[in-house]
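Down below is the structure, laid out as structure tokens.
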Amino acid sequence: MTTTNLTDLDAELTRFFRPDAALMADPFGLYRRLREAGPAYRIGGRVVVSHYEAAREVLVAPSTLQGLSVRGSRYRSIEAGHLEDDRVRLRELFAFYEKRISGVDGDKHKRLRRLAQRAFTHRVISQMQERIQGITDDLLAPLAGEVEFVEDFAYHLPLIVICEMFDIPVEDRDRLRAWASDLGAFVGADWSDAATVRTTHDSVFRMREYLTGVFQQRRGSETTELMQALLSAEGDDGDRFTEDELVSVITQFVFAGHETTTNLLGNSMVTLLRDHREQWDLLRSRPELVPSAVEELLRFSGTTQYVDKLAEEAGEVGGVEVRAWDTVVVAVAAANRDENIFDDAETFDVTRNGRGHLTFGFGPHHCLGAALARIEVATVLHTLTQRFPDMTIIDQGNVRYAANSMLRGPHRLPVRLGRERT
Amino acid sequence: MTARSSDPRAEVVADRNRCVGSGNCLLRLPDVFSSDEEEGLVEVLDATGAGHRLDDLQDAAEACPAQAIRVVLT
């Protein structure tokens, strides 16, 4: 057991949750110190879980609920500090978050999930594969020389895919992106900040209004097969999505389906081009390693750093006492480097299969879009290593990360594509 | 744990009611597990898991986030 100065660990964790862009460039030292401190660690009203087994335990436990809830002590402690108008906004925001598939639990969750699942069957996703390659090729076609990887490429691909799947006008994607990133940032934000509450409230309701408009047009007219399936999706006993649920669900698809994948693409480039160039070259010469590389990238450089859960009752996690309505922060990115589970866990190796990682979560809320994300990243890796084998990051020492502790990724990544091979 | 799953005493059972369509099982053992076209939920192609080690079957069961797969020894 290494002795970690707990006061330092507290300070570092406080900085992590603030969040802090510089720390997000490399949070892995913090994760190591957390694991050394034990399976779980309390800081204020949060219990942070960093060991793999304990993380999995929490994710499957029926007594832990999805994290964004007005029942949580984190919510209750900040609510009173807001002015009345902002308090109303905050409540409306939470009402929205609590309605998402990933905001509900138990039977309610099961029902929504079953209906939504139809959009992500193996068949639907494999049908998208060809389009994903097509969109990738179209996005790359005009690019040459120096390119901003995130702005010129990585952000577009997942969002275009989602738009095409759900028949949302692709040309509106800049607006969707802005709304969705506000939504995403809120999850890990300081909820006592009035400006954050106002911005997020505004974005959520604009996005809902926009999507409601789109779906009203689609109902009863010609649309994609998938959208048709969702509009008419029936579960047991003729159960259907209500209009409101459908908008919530698609809002979530847009949010969950783009930033996570955009960041994963960015993280993958940094890991392969800056930190492990030899493995980029290996993927170039052995493209059959791409699926295994995707799993290893998900394990080692995944986007999602942690998942917030709420303890419904008092108990204990990894030897740490949990009070009812504490937030249990399941640090999946820390658990993914748990030496008890993965040999040489801190070593990146595309030839190992990194599967078993918790980046898509575990339990009933396991990521609905996992197969889609896998195909997107595999397509991009395969295409880029073959077409631009000499690609490099410009100014490698200066890769900037977004100040988001939950979803990690570079927000600017200038690259030089190099000579194109055909 | 050296028993082979082709041993008739191992049987793979999947509970579609629990399944969340993660695909973790079919990524590992695509000739044992599949998913249906409409709902995207697990289907067992080969309940005996022929040609796979018992360990591998148990790994696939362990990898299920919904705990929907069991390997029953009879």
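Bear in mind the structure is a predicted one, so any value in this text is a computation, not a measurement. By convention in this document, chain letters (A, B, ...) are assigned in the order of the sequence lines, proteins followed by strands, and residues within each chain are numbered from 1.
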Exceeds 12 heavy-atom contacts within 6.0 angstrom, atom CD of A:E57 = no
Dump the intermediate steps for side-chain contact (heavy atoms from CB on, under 4.5 Å) on B:N17 and A:K110, then the final yes or no.
-> CA-CA 9 Å; B:N17 199 35; A:K110 195 164 181 178; 3.4 Å; yes
Distance col, row B:E38:CD vs A:T121:OG1, nearest 0.5 angstrom, shows 9.0 Å
How long is the span from the CD atom in A:E295 to the CG atom in B:L27, to the nearest 0.5 Å?
-> 6.0 Å
For A:V60 and B:Q67, run side-chain contact (heavy atoms from CB on, under 4.5 Å): C-alpha distance rounded to whole Å, both residues' side-chain angles, the deciding distance at 0.1 Å, then the answer.
-> CA-CA 9 Å; A:V60 299; B:Q67 298 165 305; 4.0 Å; yes
Check against side-chain contact (heavy atoms from CB on, under 4.5 Å), B:V20 and A:H365 | CA-CA 8 Å; B:V20 296; A:H365 290 279; over 6 Å; no
Whatever's closer than 4.5 Å to a heavy atom in chain A on B:S35 counts as side chain
Within a reach of under 6.0 Å around CD of A:E288, are more than 12 heavy atoms found that belong to other residues, nucleotides or ligands?
-> yes
Might you point out which heavy atoms bring B:G40 and A:Q117 nearest each other, and give the distance in Å?
-> O-NE2, 4.0 Å
Which residue out of B:S34, B:S22, B:C19 racks up the most heavy-atom pairs below 4.5 Å with chain A?
-> B:S22
Which bit of B:R18 is near chain A, if near means a heavy-atom gap under 4.5 Å: side chain, backbone, both or neither?
-> backbone
Give a yes or no on this: more than 12 heavy atoms of other residues, nucleotides or ligands lie within 6.0 Å of atom CZ of A:R355.
-> yes
